[in-house]
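Start at 1 and go down the list; that is how both ligands and their atoms are numbered. Computed from heavy atoms alone, side chains included, the values below leave out hydrogens, waters and symmetry copies.
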Amino acid sequence: MKRDQELRLQAYEEVEKNRRLVEDDPYRLKYHLMPPAGLLNDPNGFIEFNGVYHLYYQWMPFKTGHGAKFWGHYSSEDLVHWKHEEIALAPSEWYEKNGCYSGSAIEHEGKLYAFYTGNVKDDEGNRETYQCLAVSEDAVRFDKKGPVMDLPQGLTPHFRDPKVWEQDGRYFMVVGAQTDALNGAAALLKSTDLMDWSYEGILAGGDNGKLGYFGYMFECPDLFSLDGQDILVFSPQGLEPSGILYQNVYQAGYVVGQFDPEAGEYQHGEFDELDRGFDFYAPQTTLDHKGRRLLFAWMGVPDQNEQEHPTVEHKWLHCMTIPRELKLVGGKVHQVPLEELEELRSGQALECSVNLIKENCSFEGVEGNAVELELTNISIEGGWMDIAFGDGCRVIYNPGTKLFTLERKSYVDGTVEKRQCLIEELSSLRIFLDTSSIEVFLNGGEECFTSRIYPSPNDQSITFSASGSTSYTLYKWSLTSP
Ligand code: DQQ
C-alpha cells in the first residue's frame, strides 16, 4: 500500500511540475485525449459501466519514454466531454513492478473486473509476465487480486494484453502471444468464474496459422462479433513492408471469420490493415448500450522515432484517436467517427460549392487548426485533387492510379514522407484536424489515415488544388475544446 501511495504521489507531483510546459505547447491537442504529462500509449479497459464510459490508458507519468506503466483513467458520460480521473493502477506490486501493461475490463455482478498484464523484468532484461485481476466497485479505485493464471506451455513470456468477453454463459480471453518457435499468435483462454482460467490453445497465428509466418509477436488482440461475423483485431510485430502495405514499424489490423466457442476454434480470412496512416496502433473496442462497437486506438506506434516528436520538449507524448464506430461493409471493417463528435462543432457549417480547374484556392473562413471538413459528391476529371494543411501535410487522390496519398513533413528531418492506399473511387472525405493530428476518413470510413503532423503553428491555411478539373461540395466546421 505504501509503495502504491508513493508512486501515485510522485506521478501527481510530476504532472504538477510539468503542467505549465504542457499547457504552453502550441501542439497541444484541443479535443483528443492526451496525457496530462509524460507518455500515453495503448487504450485499456474501454467499457461503458453504470452508464459512464471509461477509458484507461497506458501511462508513463515520469518521462516521455516507455517503462513501468500506470493505468491512467478518463471517464465520460457522452464520449465527448472527458474527465481525467485518479490513477487506476500503479505498478506497486512484485508481479507488475515493471509495469501494469495493457488489458481490458468487463462487468461482473455489478463490479468492474480489469484484467491486465503484470510486467516483470530482471537486470539482464529477462521477462516474466503475469495476467492479473483488479476489481472495482466504482471504476475508479481498484482492489488488486494479483495473477490469475500461469504462462501456458509452448509460449514465451511475450504473453500479454488480455481481452476478456462473455459468451454463452462462459468467459473467454484472448492474449497476445509468441510461440516457442517465435511466431506471433493470439492465445485463447476460458473460465466459468473469471478467476480460474484454462488455456484452450492458439486462436490465430502461431506455428501452423492460416496466415503463415505473420511476425514474431501479436500485441493487443481483441475478438468481437460485428454483423454476424467474428472479427479478430490485433497488432502484429515483425511484418516486412510489402509495396504500399505495412509501412509502419508495426501494424494494426484484423481478420474476419467465425469463432466456435464450443471447440475454441476460429476460421478466418486474410489480414487487412485498419488504418493507412503513420500513427495508429493497439486499438481496443467495446460494445455500448446502443449496440455499437466503439474503437479507440493509440495515435502512435512503438519504436517509431518516438523521441523526435516536438512535443517531447514540452514533456508530453502521444494521444488517442477520436472514438470511432465500426461497421462491417462487404466483409471489410469501416471506421466511422462517432456521431457524438458533432457536439465539438461550433456554429453552423460553412458550405461552399467548389469547382477548381488547374488551380490552387483557399476559401474565406476555411482555415484553422481545429477543424472538421467534409467533401461530398467529389468528381475529378483529369489529373488529381489535393488539400494541403499549412506546411504540415497534404492529402491527394489520383483517380488515374486509384492511389490516395497522405504526405507529411517528417518531424525527424523535415523531408516529405508518405503513406498510401488504393481506392477504386473517392466519393467523400471527412477530415478531423486537431493542432498536431489529422484523421482522414474516405468514403464514410472505408479507409482511414491517422497521423501526427506538425505544421508551423502560425500557418493555419488550408489550400484546395486540382491539376485538372475537380468539383465537390465542401463543409467546414471549427471545432472547440469540449
Ligand atoms: N504496450 C503495452 C503492452 C503492449 C504494448 C505496454 C503495445 O502491454 O503489448 O505499454 O503498444
Side-chain angles (χ1 to χ4, degrees), residues 11 33 35 38-46 55-73 87-91 95-105 114-121 125 127-134 147 151 155-164 173-178 184-187 205 215-222 232-239 248-253 274-275 278-285 295-307 309 317-321 450 452:
L33 297 179
L39 176 148
L40 166 153
N41 55 303
D42 317 346
N44 292 157
F46 186 24
L55 184 75
Y56 306 88
Y57 66 90
Q58 287 287 285
W59 186 29
M60 165 42 72
F62 303 126
K63 56 178 183 181
T64 54
H66 296 272
K69 299 285 168 64
F70 291 59
W71 271 35
H73 180 193
I87 289 165
L89 300 172
Y95 50 77
E96 58 188 16
K97 77 175 179 59
N98 299 96
C100 297
Y101 272 13
S102 286
S104 59
F115 290 89
Y116 65 99
T117 298
N119 184 44
V120 174
K121 277 185 190 161
R127 187 185 283 264
E128 288 168 28
T129 177
Y130 298 95
Q131 309 324 302
C132 304
L133 169 64
L151 175 63
L155 301 178
T156 77
H158 281 287
F159 182 70
R160 55 180 172 269
D161 313 334
K163 177 84 196 304
V164 175
M173 177 192 280
V174 268
V175 183
Q178 179 182 63
Y216 55 79
M217 173 66 190
F218 289 3
E219 293 191 314
C220 301
D222 186 353
L232 178 69
V233 165
F234 59 102
S235 298
Q237 297 189 310
L239 300 184
N248 292 331
V249 173
Y250 308 125
Q251 279 59 53
L274 262 174
D275 193 281
F278 291 89
D279 300 289
F280 182 97
Y281 197 69
Q284 190 176 83
T285 73
L295 174 144
F296 269 105
W298 169 26
M299 201 188 295
V301 176
D303 306 327
Q304 194 166 271
N305 299 319
E306 291 181 84
Q307 293 313 309
H309 282 268
L317 183 56
H318 302 312
C319 63
M320 291 292 166
T321 62
T450 299
R452 297 305 299 279

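Distance alone, capped at 3.5 Å, places no donor-acceptor pair between the N119 side chain and the Y101 backbone. Under a 3.5 Å cut-off, the side chain of W71 and the backbone N or O of S102 do not form any donor-acceptor pair.
K97 is linked by a side-chain contact (heavy atoms from CB on, under 4.5 Å) to V120, counting only residues two or more places apart in sequence or in another chain.
Taking the centre of each ring, F70 and F62 come in below the 6.0 Å mark.
Electrostatic pairing of R452 and D279 does not count as a salt bridge here, judged by no charged N lying under 4.0 Å from a carboxylate O.
You'll find the side chain of V175 stays beyond 4.5 Å of the side chain of L155, heavy atoms only.
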Identify all N/O pairs between ligand 1 and the protein with a separation under 3.5 Å and present them as a table of atom names and distances.
{"residue": "ligand 1", "atom": "1 (N)", "partner": "N41", "partner atom": "ND2", "Å": "3.4"}
{"residue": "ligand 1", "atom": "1 (N)", "partner": "D42", "partner atom": "OD2", "Å": "2.8"}
{"residue": "ligand 1", "atom": "8 (O)", "partner": "S102", "partner atom": "N", "Å": "3.1"}
{"residue": "ligand 1", "atom": "8 (O)", "partner": "D161", "partner atom": "OD1", "Å": "2.5"}
{"residue": "ligand 1", "atom": "9 (O)", "partner": "R160", "partner atom": "NE", "Å": "2.9"}
{"residue": "ligand 1", "atom": "9 (O)", "partner": "D161", "partner atom": "OD1", "Å": "3.3"}
{"residue": "ligand 1", "atom": "9 (O)", "partner": "D161", "partner atom": "OD2", "Å": "2.7"}
{"residue": "ligand 1", "atom": "9 (O)", "partner": "E219", "partner atom": "OE2", "Å": "2.9"}
{"residue": "ligand 1", "atom": "10 (O)", "partner": "N41", "partner atom": "ND2", "Å": "2.9"}
{"residue": "ligand 1", "atom": "10 (O)", "partner": "Q58", "partner atom": "OE1", "Å": "2.7"}
{"residue": "ligand 1", "atom": "10 (O)", "partner": "K69", "partner atom": "NZ", "Å": "3.0"}
{"residue": "ligand 1", "atom": "11 (O)", "partner": "D42", "partner atom": "OD1", "Å": "2.8"}
{"residue": "ligand 1", "atom": "11 (O)", "partner": "D42", "partner atom": "OD2", "Å": "3.3"}

